[in-house]
*Asks:* 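Here you go, one structure.
Keep in mind that this is a model prediction, so the values were computed, not measured. Letters A, B, ... are given to chains in the order of the sequence lines, protein chains preceding strands, and every chain is numbered from 1.
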Amino acid sequence: MSERRKAYPFDQIDPKWQAIWEDRQLFHAPNPGEKNFDPAKPKFFVLDMFPYPSGAGLHVGHPEGYTATDITARYKRLHGFNVLHPMGWDAFGLPAEQYAIRTGQHPAITTRENIAKFKSQLKRIGFSYDWQREVNTTDPRYYKWTQWIFLKIYNSWFNPETQKAEPISTYRGDDPDKVRLAYVAEVPVNWCPDLGTVLANEEIVDGKSEVGGFPVERRPMRQWMLRITAYADRLINELEGLDWPESIKLLQRNWIGRSQGAIIEFKVAQDSNSHTSDEVKLTCPAIAVFTTRPDTIYGATYMVLAPEHPLVDQVTTEKRRGDVQNYRVQVSSKSDLERTDLSKEKSGVFTGAFALNPATDEKIPIWIADYVLMGYGTGAIMGVPGHDERDLEFARKFDLTVMPVVQAPGKTAEESIGFVDDGIAIHSAIIDGLPTPQAKRKIIGWLQEKGFGRSNVNYKLRDWLFSRQRYWGEPFPVVWEDGKHRALEETELPVIPPALEDYKPTGTGEPPLAKARDWVRYSDKAGRETNTMPQWAGSCWYYLRFCDPQNNERFVGEEAERYWMGGSPAPGGVDLYIGGTEHAVLHLLYARFWHKVLFDLGYLSKPEPFQRLVNQGIILGEDNRKMSKRWGNVIDPDDVIDEYGADAFRCYEMFMGPLEQMKPWSMRGVEGVARFLARVWRLIMRESQTGEWEVSPAVQDIEP
RNA sequence: GCCGAUGUGGCGAAAUGGCAGACGCAACGGACUUAAAAUCCGUUGGGCUUAAACGGCCCGUGCCGGUUCGAGUCCGGCCAUCGGCACCA
């Protein structure tokens, strides 16, 4: 039984043209200085979010965005652009390492095999990538430069005067280690016992690890941090000129979470403490709070510290010490997840201490409660139950004084309780009668004058926790000597990880690299840093490497960078970047941060990497559920191409509906597209008696 | 709770403010075939008019209102679904 004849002979067409593309290297984009480079052509940089080459191979979601960029690339080439359309591999990562733990096979081998599979699948679909520019983040020739960029970050500080990163040599203070953009800190981190590593805030979803969904706990550990908070304002402001979906810009703005407000110092009332001594008076003079509503200070009738606040022990009275300790233990035993889950109901305990409201001079009680988070602001708040929902709920539960100090339009003072928007200040002495914005300005001025406070901007964004206790990642180009860290010289790069027999996490938080004693030993006195960088490191700059992937002298050549990333008069940077929304606050924020540091240091032409961003939607299974082995609804692109060919596959990917939308796969839809293509084919071709395709007699040359 | 997106046939969907439903799926009818599959051709939003066909008419883009000669499209207010954030002071 011979194979059924294909209505459209894609089995002949696909390989024929793919071989021709390959032979003639038709999709290679020449760099300035290369032969065939035409300076008259404008450039166009079309980028896909490069994949992690997993063992499972491509799924139909990958080629959706890739098809869209490929169409754009081909269109732009035909319109006379020099088009940079590259592909590569974000290949450091957990699955290869976990496979290594199970089988002992080195992750580099697994990675090489997976890349080969991905690459052959992409070629079969017929994408017009410039394969001469392929990059792989796990290649020492690539991560040498990832480490080099880390050195640049380490050897820089953020100058608040210029609002720019500068070489650390320009820093005039006494201890440069305090201001480096890469620094070591003992901080409460997200420790994931199942993964045996710490994770960044951005990698935690609902109190669980984004990868694997394992529980995450807080514990203090010594870790490498990157000072991304220094760039908070620029990361918000410079979103402005970008052609990105509004929703993604918003996600980033919210994640950075800028709030304009004031820090106000509340003195602890001296006679409030039964065991008050001179010592306490000296060591515990005031508690700082952050508020966005300094104008409501006359309504601050109590104060709350986070249970973990360092001053809790000092202010708590002997009588209340037992209750306070119990509450703190109770809170600390809850995971972050439980803490937010059970948070509907307010809880807290009185410390027995009182603070002085600087505006009213009234004594107000100091409580601790877990609705105040140590990680935000100063870890302490002034409670204004009249004009904050949470404070009102707390005050009602514990019977604290509620006072209206902002009058809502058209309401009486009493009716204005619970009003949280801008209104008119009442019962507020010096700011009485002022609308909220003026009241804020005036009270901040007054607080500043009296030395009680100052205006302040606060961010939700935390510094980026940059070290991982893993094997399969970039080693840090850092050594430790006498308890101090020291960066290696550029000439010592790349730092290549040691061969290991056993890749297992130690479980203690000590990285697996620590097991390689010989490797760790750098000199008689110095030992290597054994943490590795997170997977995001490689993807933070891969688009730059695509501009000049084989350069051994520099992370990217100056001329190549200017040409592909500069792009005057166009806005510059990557002209079109397509990928999923899942990277909205991860890759897309981190990459912007690195880009800005390199820009400040003079290595790049433009402050932003990705000018235009489009998010593709998720492709669901035929049953309208997310594709997953569990549901058995996963579509393998190879199967589709076997049956219908690359053209039908690609056409269907684009035919399904708007790129940005979430939508279900349909095999019948693929079939329909295939029939459509066959009709187009037969407009020109017909099958002869012997079964050969020949030009239809209906098609004739016409004399011009 | 806050923010964002979406809402059009039986289904996936299309439509610079200008003939709503292109294209595809499914369904139905037909051609080819001994027959079926495959393939090809045709019909297909709802209703009325007509013996039937042709033709003609009315109603239709979640709901209510507005702007406009004209609204799926623009504006205001609801409702529903999906997604993100969520004690952020």
*Asks:* If you assign each of Gly657(A) and Leu251(A) to its closest nucleotide in RNA chain B, which residue comes earlier from the 5' end?
*Replies:* Gly657(A)
*Asks:* Suppose you measure atom C1' in A14(B) against the same atom in G45(B); what distance do you get, rounded to whole Å?
*Replies:* 15 Å
*Asks:* May I have the distance from Phe676(A) (atom CZ) to A13(B) (atom C1'), rounded to whole angstrom?
*Replies:* 15 Å
*Asks:* Tell me, do Leu677(A) and Cys651(A) make a side-chain contact under 4.5 Å, heavy atoms counted?
*Replies:* yes
*Asks:* With syn defined as a glycosidic torsion within 90 degrees of 0 and anti otherwise, which applies to G9(B)?
*Replies:* syn
*Asks:* Can you tell me the distance, in whole Å, between the CG atom of Leu677(A) and the C1' atom of C23(B)?
*Replies:* 12 Å
*Asks:* Cut-off 3.5 Å, side chains only: do Tyr327(A) and Ser347(A) have a donor facing an acceptor?
*Replies:* yes
*Asks:* Taking the P atom in each of A38(B) and U81(B), what is the distance between them to the nearest angstrom?
*Replies:* 40 Å
*Asks:* Is there a ring-ring contact (aromatic ring centres under 6.0 Å, His included) between Phe394(A) and Tyr302(A)? Walk through the geometry before answering.
*Replies:* CA-CA 10 Å; Phe394(A) 190 77; Tyr302(A) 67 96; 5.5 Å; yes
*Asks:* Return the pairing partner of A5(B) with a 3.5 Å limit on both distances, Watson-Crick or G-U wobble; otherwise return none.
*Replies:* U81(B)
*Asks:* Would you check, one step at a time, whether the test ring-ring contact (aromatic ring centres under 6.0 Å, His included) holds for Phe398(A) with Trp367(A)?
*Replies:* CA-CA 10 Å; Phe398(A) 295 106; Trp367(A) 287 63; 4.7 Å; yes
*Asks:* Can you check the Trp665(A) CH2 to C11(B) C1' distance for me, whole Å?
*Replies:* 17 Å
*Asks:* With nearest nucleotide decided by heavy atoms, which residue, Pro664(A) or Met382(A), maps closer to the 5′ end of RNA chain B?
*Replies:* Pro664(A)
*Asks:* What's the gap between G21(B) and G60(B) when it is taken at their P atoms, as a whole Å value?
*Replies:* 16 Å
*Asks:* Find the distance Lys346(A):NZ to A89(B):P and express it as a whole number of Å.
*Replies:* 14 Å
*Asks:* Using Watson-Crick or G-U wobble geometry with both distances under 3.5 Å, which nucleotide pairs with G76(B)?
*Replies:* C64(B)
*Asks:* Which nucleotide wins on minimum distance to the side chain of Ser247(A), given the candidates G4(B), C87(B), C23(B)?
*Replies:* G4(B)
*Asks:* Among A89(B), C85(B), C87(B), which is the nearest nucleotide to the side chain of Lys460(A)?
*Replies:* C85(B)
*Asks:* Would Ile368(A) and Val331(A) satisfy side chain to side chain contact (heavy atoms under 4.5 Å, CB included), going step by step from the backbone distance to the final call?
*Replies:* CA-CA 11 Å; Ile368(A) 65 171; Val331(A) 167; over 6 Å; no
*Asks:* Determine the interatomic distance between C1' on U34(B) and the same-named atom on A22(B); round to the nearest Å.
*Replies:* 41 Å
*Asks:* Using both distances under 3.5 Å as the test, list the Watson-Crick or G-U wobble partner of G55(B), or none.
*Replies:* U49(B)
*Asks:* Nearest-Å distance, CZ (Arg253(A)) to P (C3(B))?
*Replies:* 15 Å
*Asks:* Could you give me the CA-CA distance, side-chain angles and deciding distance for Trp536(A) and Phe466(A), then say whether ring-ring contact (aromatic ring centres under 6.0 Å, His included) is met?
*Replies:* CA-CA 9 Å; Trp536(A) 311 109; Phe466(A) 192 66; over 10 Å; no
*Asks:* How is Thr581(A) classified with respect to the nucleic acid when contacts are heavy atoms under 4.0 Å: base, sugar-phosphate, or nothing?
*Replies:* nothing
*Asks:* To the nearest angstrom, how far is Leu659(A) atom CG from U6(B) atom C1'?
*Replies:* 16 Å
*Asks:* Tell me whether the OP1 or OP2 atom of C23(B) has a side-chain N or O from Arg679(A) closer than 4.0 Å.
*Replies:* no
*Asks:* Measure from the side chain of Leu250(A), starting at C-beta and using heavy atoms only, and say which of A89(B), G24(B), G4(B) lies closest.
*Replies:* G4(B)
*Asks:* Give a yes/no answer on whether the side chain of Gln661(A) brings an N or O atom under 4.0 Å of OP1 or OP2 in C82(B).
*Replies:* no
*Asks:* Taking atom C1' of A5(B) as reference, at what distance in whole Å does atom CD1 of Ile248(A) sit?
*Replies:* 12 Å
*Asks:* Side chain to side chain contact (heavy atoms under 4.5 Å, CB included), that's the test. Do Met667(A) and Val640(A) meet it? Break it down for me.
*Replies:* CA-CA 8 Å; Met667(A) 271 307 182; Val640(A) 180; 3.4 Å; yes
*Asks:* Can a side chain N or O of Arg668(A) be found less than 4.0 Å away from OP1 or OP2 on A26(B)?
*Replies:* yes
*Asks:* G24(B) phosphate, OP1 or OP2: any side-chain N/O from Ser666(A) under 4.0 angstrom?
*Replies:* no
*Asks:* Between C54(B) and A15(B), how many Å separate the two P atoms, rounded to a whole number?
*Replies:* 31 Å
*Asks:* If you only use heavy atoms from C-beta on, which nucleotide in A14(B), C87(B), A89(B) is closest to the side chain of Ser259(A)?
*Replies:* A89(B)
*Asks:* To the nearest Å, give me how far apart CD1 (Ile619(A)) and C1' (G12(B)) are.
*Replies:* 13 Å
*Asks:* Taking only the C1' atom of each, what is the distance from U44(B) to G30(B) in whole angstrom?
*Replies:* 15 Å
*Asks:* Taking the P atom in each of U6(B) and G76(B), what is the distance between them to the nearest angstrom?
*Replies:* 15 Å
*Asks:* Write down the distance separating the C1' atoms in G55(B) and C64(B), rounded off to the nearest Å.
*Replies:* 38 Å
*Asks:* If we call it a pair only when both distances are under 3.5 Å in a Watson-Crick or G-U wobble match, what pairs with C19(B)?
*Replies:* none
*Asks:* Rounded to the nearest 0.5 Å, what's the gap from CZ on Phe649(A) to CG on Asp14(A)? Could you check?
*Replies:* 12.0 Å
*Asks:* Paired with A86(B): which nucleotide, if any, by Watson-Crick or G-U wobble criteria at under 3.5 Å for both distances?
*Replies:* none
*Asks:* Check whether any side-chain nitrogen or oxygen of Arg675(A) sits under 4.0 Å from OP1 or OP2 of C25(B), and answer yes or no.
*Replies:* yes
*Asks:* Find the partner of G42(B): check Watson-Crick (N1-N3 plus N6-O4 or O6-N4) and G-U wobble (N1-O2, O6-N3) distances, both under 3.5 Å, and reply none if neither fits.
*Replies:* C28(B)
